[in-house]
Amino acid sequence: MHTSAHILNEQFIDNAWVPSLSKTRRPVYDPYRETRIAELTCGDPADVDAAVAAARRAMPGWRATPETCRGEYLEAIASGLEIRRRILAELSSHNNGKPLAEAYQDLDDAIACYRYYAEAAVILGQRQGTVEDADQPNMEARRYWDSIGVVGLITPWNFPLVSSAWKLAPALAAGCTVVFKPSEVTPLPEQVLAEIVMEAGLPPGVFNLLQGDGEGIGAPMSHHPGIDKLSFTGSNAVGEAVMRAAAQGVRPVSLELGGKSPILITEDADIELARDLVMAGICYNAGQMCSATSRLLVHERLADKLYAAIDAAMSELRLGDPLATETDMGPLVSALQQSRVQHYLALAKEEGLHSETPTLALPEHGFFVAPLLYREVPTTSRLWQEEIFGPVLCARRVANDAEAIALANDSNFGLAATVVAGNPDRAESIGRHLEVGNVWCNSEQVAPPQGSWGGMKRSGIGRELGDSGLDAYLELKRITRPLKA
Ligand code: NAD
């Protein structure tokens, strides 16, 4: 794997590693051992210029490459990930702090996503030229889909290789050339994509990887007139900045932003299922999920019993080395993220919030925060309203479904929700009233590649995965002409 002895000071442009023009570097950490594991270039606007130029040169050829052929390249990328599955899962766990089992799940999701869009590319080819109703005598109309052009893809640190697969796979399938920037916090797993792309034989300039931070690479990408579309996953503050930048030149954006997702439990729910889904919704990836179900709305008849079950489950979690098989929860990704979450815990103290969760002993090192349940949190509390991005759960008891739905929808965000009810029909009918992009009824959070992912309200614009994920990189064109004489 190319990591230049863990000094990542080069950019992958035009299928070659070229020195970054930046003179500054930033450290990359192992969040469990709190040790520096690499040094990363901060990146430079001139790096972006070079990558965009390469992507523009490659664009006409890639756009004209038959869809079936693009599908074959995507299949080769999936295989490239598959043969490196173990090493990449370990690297991801090492760099992000997530338990190894979760990192394997990420890898499998990413591989499935490239495979799904390999097939989707073939289907796209078959759809080209679909005959439509011309609605005029002696005329005919056909429908075609063209790639949007050069796309800029920017991802965060919480699901390395997955967030990027959700963008890269459909973009390449659609015939777009790509300038991709992974998070500067977890740059290591995605570094390998360059090697895989070369092995797969993608033409130079189709895939360009820029390492660096928001200032060195992210902002210059957002402002670059040579990028035709931006697809961003990350925080709301940066998402808004990307959108503002994209207004220059009227360039489209897809945004996958934050969440404050609810989990609703009715009085007839199975309490063990409810507990397990609550736990998974707030402790998976140490709560660092945009779709974390961080607001619990439980029927008053079940509330005390469920709170006690959650406290007990939280106190039994094994926090530790993410690479050790017995570990249930790893550290947060960085000292910065740990301090952000600790800030909310201090705020909870100031606000006098009530928790009965037994305090877990933390490992001697690592950016850990112990999971915590706050009971009967006022809706005016910042902990109720804001995305915490850590294992901190806020709960309220409700009298009926109508109250639960009203409180669930009383949020600026609208990414996802879980409903646990006595039967799936009841759960689904509650789900129909929720202002979110995904509802899981009596189910864990699943996001298969043929599904859809994205939010309403301030959780973003557009959908990833499935057909909508491909459409995000396509322009629809209608051609109308006389019938042959
Ligand atoms: P972040 O917004 O700080 O960073 C995300 C990416 O944007 C990084 O690659 C970063 O370098 C880059 N960036 C920073 N400043 C930039 C700028 N001015 N212009 C362009 N790019 C810039 O987010 P984060 O801390 O890495 O991730 C956590 C956030 O991501 C949370 O708010 C979470 O909800 C969100 N998220 C959302 C989803 C989703 O699907 N909706 C998925 C994962 C994470």
Side-chain angles (χ1 to χ4, degrees), residues 26 28 40-43 45 48 95-96 98 106 109 113 152-167 179-187 189-190 209-224 227 230-246 248 253-261 284-294 332-341 386-390 411-416 436-438 445 447 451-465 468-469 472:
R26 48 177 299 135
V28 178
L40 181 75
T41 173
C42 290
V48 179
N95 194 177
N96 169 282
K98 61 176 68 201
D106 286 359
D109 285 353
C113 181
L153 313 178
I154 302 175
T155 57
W157 42 257
N158 53 347
F159 289 96
L161 291 168
V162 181
S163 321
S164 55
W166 290 12
K167 298 184 191 303
V179 177
F180 165 52
K181 178 196 135 28
S183 168
E184 65 275 27
V185 183
T186 53
E190 263 126 0
L209 170 75
L210 293 181
Q211 297 281 16
D213 59 22
E215 205 185 315
I217 299 292
M221 271 176 71
S222 311
H223 286 276
H224 206 294
I227 290 184
L230 290 148
S231 179
F232 170 83
T233 300
S235 62
N236 278 64
V238 177
E240 286 183 15
V242 168
M243 199 170 165
R244 274 194 299 276
Q248 297 160 322
V253 289
S254 291
L255 300 175
E256 300 287 347
L257 307 177
K260 189 74 190 176
S261 297
Y284 194 85
N285 208 13
Q288 302 164 113
M289 290 186 290
C290 49
S291 59
T293 41
S294 51
L332 299 188
V333 75
S334 62
L336 177 64
Q337 190 59 22
Q338 183 191 38
S339 71
R340 282 179 184 155
V341 177
E386 296 175 15
E387 181 177 53
I388 298 175
F389 232 57
S411 170
N412 288 327
F413 295 110
L415 187 60
V436 299
N438 257 294
Q445 296 193 6
S452 59
W453 187 272
M456 300 185 185
K457 303 194 244 181
R458 291 188 200 169
S459 286
I461 297 177
R463 295 289 180 272
E464 297 199 294
L465 298 177
S468 333

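We count ligands from 1, going down the list as the structure has it; atoms in each ligand are counted the same way.
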**Message:** Among all the protein's non-hydrogen atoms, which is closest to atom 20 (C) of ligand 1, and how far away is it?
**Reply:** Gly218 C, 3.2 Å

**Asked** Which pair of non-hydrogen atoms, one from Ala292 and one from Gly287, has the smallest distance, and what is that distance?
**Response** CB-O, 3.8 Å

**Request:** Please state whether Ser222 comes within less than 4.0 angstrom of ligand 1, counting heavy atoms only.
**Result:** yes

**Request:** Could you tell me whether atom 4 (O) of ligand 1 has a protein heavy atom closer than 4.0 Å?
**Result:** no

**Prompt:** Do the non-hydrogen side-chain atoms of Trp453 and Cys290 ever get within less than 4.5 Å of each other?
**Reply:** yes

**Message:** For atom 35 (C) of ligand 1, what's the nearest protein heavy-atom neighbour? Residue, atom name and distance, please.
**Reply:** Gly234 O, 3.0 Å

**Prompt:** If every non-hydrogen atom of Val28 is compared with every non-hydrogen atom of Glu184, which pair is closest and at what distance?
**Reply:** CG2-O, 4.2 Å

**Asked** Stepwise, does the side-chain contact (heavy atoms from CB on, under 4.5 Å) test hold for Ser231 with Trp166?
**Response** CA-CA 10 Å; Ser231 179; Trp166 290 12; over 6 Å; no

**Message:** Minimum heavy-atom separation for Lys260 and Ser411, please, with both atom names.
**Reply:** CB-OG, 4.2 Å

**Request:** Please state whether Ala219 comes within less than 4.0 angstrom of ligand 1, counting heavy atoms only.
**Result:** yes

**Request:** Among all protein heavy atoms, pick the one closest to atom 2 (O) of ligand 1 and tell me residue, atom and distance.
**Result:** Ser235 OG, 2.5 Å

**Request:** Report the part of Val185 (side chain from C-beta onward, or backbone N, CA, C, O) that has a heavy atom under 4.0 Å from ligand 1; answer both or neither where that applies.
**Result:** neither

**Message:** On a heavy-atom basis, which atom in Gly218 and which in Ile154 lie closest, and how many Å separate them?
**Reply:** O-CD1, 4.0 Å

**Request:** Compare all side-chain heavy atoms of Leu153 with those of Lys181 and state whether any distance is below 4.5 angstrom.
**Result:** no

**Prompt:** Looking only at heavy atoms, is any part of Gln288 under 4.0 Å from ligand 1, and if so is it the side chain, the backbone, or both, or is it neither?
**Reply:** neither

**Item:** Ring geometry between Phe159 and Tyr284 (parallel below 30°, tilted from 30 to 60°, perpendicular above 60°)
**Value:** parallel

**Message:** To check your reading of the model: name the closest protein heavy atom to atom 39 (C) of ligand 1, its residue, and the distance in Å.
**Reply:** Cys290 SG, 3.0 Å

**Message:** For atom 24 (P) of ligand 1, what's the nearest protein heavy-atom neighbour? Residue, atom name and distance, please.
**Reply:** Trp157 NE1, 3.3 Å

**Asked** Side chains of Phe232 and Val238: does their closest heavy-atom pair fall under 4.5 Å?
**Response** yes

**Prompt:** Does even one non-hydrogen atom of Phe159 get within less than 4.0 Å of ligand 1?
**Reply:** no

**Item:** Top protein contact for atom 10 (C) of ligand 1, by heavy-atom distance
**Value:** Glu184 OE1, 3.5 Å

**Non-hydrogen side-chain atoms of Phe413 and Leu257 separated by less than 4.5 Å** = no

**Request:** Specify side chain, backbone, both or neither for Met289, according to which of its non-hydrogen atoms lie closer than 4.0 Å to ligand 1.
**Result:** neither

**Asked** Is the closest heavy-atom distance from Ser163 to ligand 1 below 4.0 Å?
**Response** no

**Message:** Starting from atom 7 (O) of ligand 1, what is the nearest protein heavy atom, named by residue and atom, and what distance separates them?
**Reply:** Phe232 CE1, 3.2 Å

**Request:** Can you pull out the closest protein heavy atom to atom 41 (N) of ligand 1? Residue, atom name and distance to 0.1 Å, please.
**Result:** Leu257 O, 2.6 Å

**Request:** Look only at interatomic distance and state if Thr233 has a nitrogen or oxygen under 3.5 Å from any nitrogen or oxygen of ligand 1.
**Result:** no

